[in-house]
Amino acid sequence: ACNDSDDASGSSGSSEGSTEGTSEGSSEDAAGEDTQETIKIGVLASLTGALEAYGDQTKKGFELGLDYATDGTMEVAGKKIEVFFEDTETDPTVARQKAIGLLEDQEVDFLVGSSSSGDTLAVTPLAEEYEKIMVVEPAAADSITGSEYNDYIFRTARNSAQDAVAAAASIAGEGVKIATLAPDYSFGHDGVAAFVAAAENLGADIVHEEYADQAATDFTANIQKIIESDPDYLYVVWAGANSPWNQISDMRLQEQGISITTGAPDIAALATMSQLVGMEGFTLYYHTLPDNEVNDWLVKEHAERFDGAVPDLFTPGGMSAAISIVEALKQNDGDADSATLIDIMEGMSFETPKGTMTFRPEDHQALQEMYSITLEESDDVDYPVPVLNRVLTPEETAPPIMNQ
Amino acid sequence: MDLIISLTVNGLATGMLIFLLAAGLTLIFGLMSVLNFAHGGLFIWGAYTGVWSFQMTGSFIVGIIVAIITGLLLGLVTERLIIRPVYGNHIQQILITLGFMLVMQEFIKVVFGPDQKAVFPPEILQGSFLVGDIVLIKYRLFIIAVGLLIFIVSSLILKRTRVGLIVRAGVMNKEMVQSLGINIKLVFMLVFMVGAAMAALSGIMHAVYSGVIYAEMGLEFSILAFIVVVIGGMGSFSGSLFAAILVGLAQAFMAYYVPALSLAVNMLLMTVVLIFRPQGLFGKG
Amino acid sequence: MNIRNVEKSTWIFIIIGLLLFIVPFIVTGRSMQFIIIQIFIFAIFAMSYDILLGFTGIISFGHVMFFGIGAYSTAIVMDRMDATVMSFFIAILVAVVIASIVSFIVGALTLRLKSHFYAMLTLALAGLFLVAAEKWRSLTGGNDGFTFGLPEILRDSHHLYVLCLVSLILLFFGLRRFTKSPFGRVLMAIRENEARTESLGYKVLHYKVIASVAAGVVASIAGVLYALSLRFVNTGVFATDLTIDVLLMTIIGGVGTLVGPILGAGLVELAHHWLSGLSEVHWIFERWIILYGTVYILVVIFFPLGIIGTLQSKFMNRPIKGLREHRKTAGK
Amino acid sequence: MSNSLLKLDQVEAYIQKFHILQGVSFDVKRGGVTVLLGRNGAGKTTTLRTIMGLNQVSKGTITYNDENIGNLPTHQIANKGIGYVPEDQGIFSDLTVGENMRVAMKKEDEGTTKRMEWVLELFPDLKKFWKKPGGALSGGQKQMLAIARAYVNENELLLIDEPSKGLAPIIVDKVTESIEQMKEDTTILLVEQNFMMASKIGNQFFIIDDGKTVHEGQMEELKQDKLLMKKYLGIA
Amino acid sequence: MEAILETKDLSIAFGGHVAVDSVSVQISEKKFTSIIGPNGAGKTTFFNLLSGQLSPTKGSVYFKGQDITKLRTTDRTRIGIGRSFQITNVFPNLTVLENVRLAVQSQAKVRYQMIAHFLHYKRFEQKAHELLERVYLNDKASSIAVNLAHGEKRKLEIAMLLALETELLLLDEPTAGMSLEEVPAIIEVIKEIKRQEDRTIVLIEHKMDMIMDMSDEVLVLFHGELIAQGTPEEIVENETVQSAYLGGSYNEQQLT
Ligand SMILES: Nc1ncnc2c1ncn2[C@@H]1O[C@H](COP(=O)(O)OP(=O)(O)OP(=O)(O)O)[C@@H](O)[C@H]1O
Ligand SMILES: Nc1ncnc2c1ncn2[C@@H]1O[C@H](COP(=O)(O)OP(=O)(O)OP(=O)(O)O)[C@@H](O)[C@H]1O
Ligand SMILES: [Mg+2]
Ligand SMILES: [Mg+2]
């Protein structure tokens, strides 16, 4: 994995000479024309800091996605594609500065990113200002395609509401009693609100909502309250390394007839959930779950390039973002003009490792498959593995439209 | 009633966990008056090396010992290279220890990789006892025991020997202490190493408790340790223990009874304590 | 005032200030401009911190609260009202008023609390602001934050550059005069020996509170500009990391020098930018933060009083005979 | 063993960049009291500090018991049997009187216990305020504590910087007396501005001026030599 | 004779220990009053009560007839009570000149001026130089205070006090640690002030010859209590003073 930043700059550099069919020699006369010859994409991701692992997944996924969508040529409609990866360090200021750099100095045609919702929100107005399309991946805050929406924003990542709808679809039913546990900040509150709406729609009964300090060392009090509310299911929305799983298992929730359900996270975090084997929940991706060619390619290619490693939670997202851009460009004959691209992308469907995604015209959110799963022990790996119960269809997990 | 007992026991355990972390800082910050922002670095290195050797050998004891040794060695290096030039100068201490903190945190990623790592308690400390309706988590009882042990041993050492006095005297007037024939540099170095070892020990204890380690956990928890040492009144183990337990219990009970304020509980507690007792709970004023 | 009476250093600063106006014509990359704007903003923030730390001897771990107040005031006012220049002025007014009130109260607490305890109390108060911003989601949008519009004139990067530079210059000269005034001298006396200052007939508390308010207000202006430059705000503007950053900038440049913090801000931001850029050069620099941390360590070792501070002490009274040289010969 | 216990030979020292000692030479004989005299800022305190290793020697040698102790670490010098009462008393203000004494005690043997008793008899105030923080003592009490801390150890050489400063006449008498008692088995190097006291107990003297020793002799002579007193000490 | 300062039943206790015990005195205006007493008798504490560093547990202090018991240090300085400290108490990292200049500035009531440059006030600096000359410290004007020798710091302390130009001067062992040569010079400075007859001086000293030489009146504190009050001659004759304070050598000295 050490060499991939080299690859990134290397591929953009070396592709220059090998491009066929583009009239490179004549490019001196106008800079504007020059940009017509290459499509430039700037990817913002947390390549250092706490979210480094996510950023890395996005990056790998994106590179693979371009390869896949262009059949390894790195060209679309005769134009070569150049990618710039920038590290946001999970700091909105840096994110904005890097985005300006990409838009102004590199004159990119597309932005992609980023790993945190805060970083993303600091950048989305720039997309509008510069009239460039930004594909949001993997930031999940609802407000990105909700209250802070603008026309240039498309999102291949699922949003919190989709998670919630998927979770509800996995467990909710008439008369099912559900309690929730979430971290006490926007992510948790958004997630729970969406879940409650979806679950109640399916006839479930929300008996308790518990919010805990994300950085807390002790969740006993929170878990105690959940036990007291006597639910059938506990739905946990969580992100970040400091997690409540140990304590949930220590407090013997499952023995008291409370089933745990949550979104299965990336592999490193799955490793901390071995006490939750048997849990029913959902996930947006695990490499064995989708059944389609794109995913097969991804798994195979990923293993080849990265030492046998399997793609992780956000790898397909990165790939989907790349595919969506290339697809749109194909349909526009390689023209990166945003206005026409927006028209094309609204309602556009494209094949991804997660099946067919469709950018919903109203809020540009990609509707996508999610997976209802059970965590099971596995002999091959040292973490519990999500095993498919059923595929939740894009329609089933469509979140409410929130940008009106 | 059960509820109260349960909250209390778990709050106590959290308190002890925090105390373990604060104990090292009680020596380094409270007693030696070094604003050591690299404390969290010592903590994560203890956690990572401890967990690594625990997982390699399968023996938790080995893990603990390795963590302590890491702490001592890192303490030695830190004291000699980073702290020694800046004794008595808080401003320089802030800068240099923060720099070192960044270096240590990032080196974790170089050596152990950037991903979070899962950790599980050793077999005998897994699971919980059920006494009546109360769940007693084994590992937490273990933490309480270790915390008490550290508290008793270190209090005894401070009380029975001149070390505590010498360190305090050395902070006030280094030259005078030397003139009395005491090798204060050596004393400071040893005390710092012990403080570092305590930080490292609390690192592995905490790692097993929370089930996961990641490079950024150091800075997060060291702020908590600073809070506890200050609330406790700087430099007394009893103060830190009391403050740590107070924080632990406050977290537990707030989370249950006033969940809306649970995010703010540490800060509120510190605000209230400092406004009503400006020198900290056990501080002499 | 007679022109001849102006100190030499003042001329130097004026010239540097004027030169900075030309920069946007040379550095045309907007990304670099954005970095320079950030430097200006953090320079203002760091100067305000220097008033506390360097001139009054107060360590605060919660200075970010005023920065955050400035940022949120701007964001909320601009979001709720029309994006006009008028509402920008209202935003500044709101920021300054709130920051003065808060800094007045916080400053008054210095009466009760000594050094570390005060530092930690401010940490707690800033923490409470952070939690408030997190919890009062209808106003702040929680930790994801929200974006807001700006009047046309402020959207232009050049205009923003000039605005920040002018603010920096005005505040710099203002604060410099402030610290060199008889009042400023008393602040230094307080830093050195509080009790003695009191027995000379100065009311220490008044001075501390005024210094605290001055620092708070200036920090809030930095916050205002920060929000403008980002057109976005989230709870990050109350994060302790920012206090730490600004603390480092102040110390690196040289505590109690006022130019030091400006230099420190420049250095920290540029080092950050360049070092993080290195990761594209070679994968080994993916861990550039190690280098970054090392810079801090080296500064303390080679510039123990901060860069400006060390240069000043070297420059102002040149040693008759270096002590170090003598030690060396003595050792042999 | 030679008769000379401590010998400074052309000692020079800097404080920061200031050349403070520019050639201090003297020879303290075993036994008896040697007094260092000189006006304010002459370098007396600096001389004592340099002997203790609290200042670097930049040139010259300091020989103690035929061993060069120049630039040894302070604690090693102290452990060779040299006790020091600094000019600013060096009280650990947050420690109680008792704790101050405890930090000072090198050993906990019989001799120490005896000396402790003797010291407490000399300064009963210390016993009275045993549990009081050192910082809360009166000026004179602090001075007593500083002296007591040096007395409680067995020293071969005692460096005392202005012991009588701030003490009531009756206590000055006591201190004088204690030094007289002590000089039986401890050599004393004294800096003292109280000429009455100095002349009473001093055996030999050295005068330091502008960082150099400029005169030496027996105390008896000095008392007679009005001219010398006028020249260096400004007293007639 | 008018009393400029009066205490009534003034007491303070630290924990159980009564350091100043029901002291009622009147200090006469424009006179020279000395306070003597054994170490720990409460002299410095008494000063602290007069200048406001401590507040009494009982009793009150009057300055020119006005009850000032509740006033803070700052205000007492402003109405005319200035003091020097037994333990040297200066601004360690500022220059000697700046130390004095700050005192001069306070005396000139330039306290909240934050617009003008401090060098604008040339006269402050001049005055500071004059004062340094008076205490023989002018050649150290640009030294950093912490670097002064002990005796030099004592002189600085006096210069700062003089700068305040207060009507009442409280001097706490001003010459302790000063060299034999310079004591007379400082005494001369003090005497000069006395000669001008517009100030009231209260002095704490252990140097009996100084007390004898300059005092109009002597107060004796003992275990916090005022046990004697009178002319220097009367006091020296007092038996308790002789046995508990002066001891043998003073008398010897008188004899020789
Ligand atoms: N840290 C320092 N930096 C610069 N100069 C210093 C420092 N310490 C002392 N000095 C200077 O060194 C000279 C000698 O000081 P020293 O304290 O040895 O004098 P002394 O003879 O003990 O005087 P005193 O009788 O006043 O105590 C003085 O002029 C003093 O100003
Ligand atoms: N802050 C304090 N806390 C407790 N005790 C104190 C405090 N200040 C002074 N004392 C005690 O009060 C008594 C009087 O002290 P004070 O300093 O007034 O003595 P003094 O007469 O000035 O003696 P000296 O001549 O030695 O300076 C002493 O016993 C001292 O220990
Ligand atoms: Mg001296
Ligand atoms: Mg006194």
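Residue numbers begin at 1 in each chain, while the letters A, B, ... track the order of the sequences.
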Quiz prompt | Residues that Arg96(A) engages under salt bridge (Lys or Arg N to Asp or Glu O under 4.0 Å), provided they are two or more places apart | solution = none
Quiz item: Side chain, backbone, both or neither: which part of Arg30(C) has an atom under 4.5 Å from a heavy atom of chain A?
Solution: both
Exercise. Please name all residues satisfying ring pair (Phe, Tyr, Trp, His ring centres under 6.0 Å) with Phe62(A), sequence neighbours left out, ordered by chain then number.
Key: none
Quiz item: Does some side-chain heavy atom of Phe146(C) sit less than 4.5 Å from a side-chain heavy atom of Ser147(A)?
Solution: no
Quiz item: Taking non-hydrogen atoms and a cut-off under 4.5 angstrom, which of residues 114-121 of chain A neighbour chain C?
Solution: Ser117(A), Gly118(A), Leu121(A)
Self-check item: Distance in Å, Leu242(C) CG paired with Asp91(A) CG, rounded so as to fall on 0.5 Å steps
Solution: 7.5 Å
Quiz prompt | Side chain / backbone / both / neither for Thr93(A) at chain C, heavy atoms under 4.5 Å | solution = both
Quiz item: Side-chain contact, heavy-atom cut-off 4.5 Å: Asp144(C) with Tyr185(A)?
Solution: no
Quiz item: Are any non-hydrogen side-chain atoms of Lys98(A) and Ser31(C) less than 4.5 angstrom apart?
Solution: no
Quiz item: Are more than 12 heavy atoms from other residues, nucleotides or ligands located less than 6.0 Å from atom CE of Met81(C)?
Solution: yes
Self-check item: Under 4.5 Å from a heavy atom of chain C, the part of Leu126(A) involved
Solution: side chain
Quiz item: For residues 224-233 of chain C, which residue pairs qualify under salt bridge (charged side-chain N to carboxylate O under 4.0 Å, His left out), counting only residues two or more places apart or in two chains?
Solution: Glu129(A)-Arg231(C)
Practice problem: Side-chain contact test, heavy atoms from C-beta onward, threshold under 4.5 Å: evaluate it for Arg155(C) versus Pro125(A) and give yes or no. | Solution: no
Practice problem: With a 4.5 Å cut-off on heavy-atom pairs, point out which of Asn234(C), Thr147(C), Asp241(C) contacts chain A the most. | Solution: Thr147(C)
Quiz prompt | Most chain C-contacting option - heavy-atom pairs closer than 4.5 Å, from Ala99(A), Ala139(A), Ala122(A), Gly101(A) | solution = Ala122(A)
Quiz item: What part of Ser229(C) lies closer than 4.5 angstrom to a heavy atom of chain A: side chain, backbone, both or neither?
Solution: backbone
Quiz item: Around atom CD1 of Ile153(C), are there more than 12 heavy atoms of other residues, nucleotides or ligands at under 6.0 Å?
Solution: no
Exercise. Decide yes or no for Ser276(C) and Asp87(A): does some side-chain heavy atom of the first lie under 4.5 Å from some side-chain heavy atom of the second?
Key: no
Quiz item: Taking side chain as C-beta onward, heavy atoms only, is Lys135(C) less than 4.5 Å from Asp184(A)?
Solution: yes
Quiz item: Only one of Gln38(C), His273(C), Gln33(C) forms a side-chain contact (heavy atoms from CB on, under 4.5 Å) with Gln97(A), so which one is it?
Solution: His273(C)
Self-check item: Phe89(C) atom CZ, neighbour heavy-atom count above 12 within 6.0 Å
Solution: no
Quiz item: Which heavy atom of Ser186(A) sits nearest a heavy atom of Gly141(C), and at what distance?
Solution: OG-O, 3.9 Å
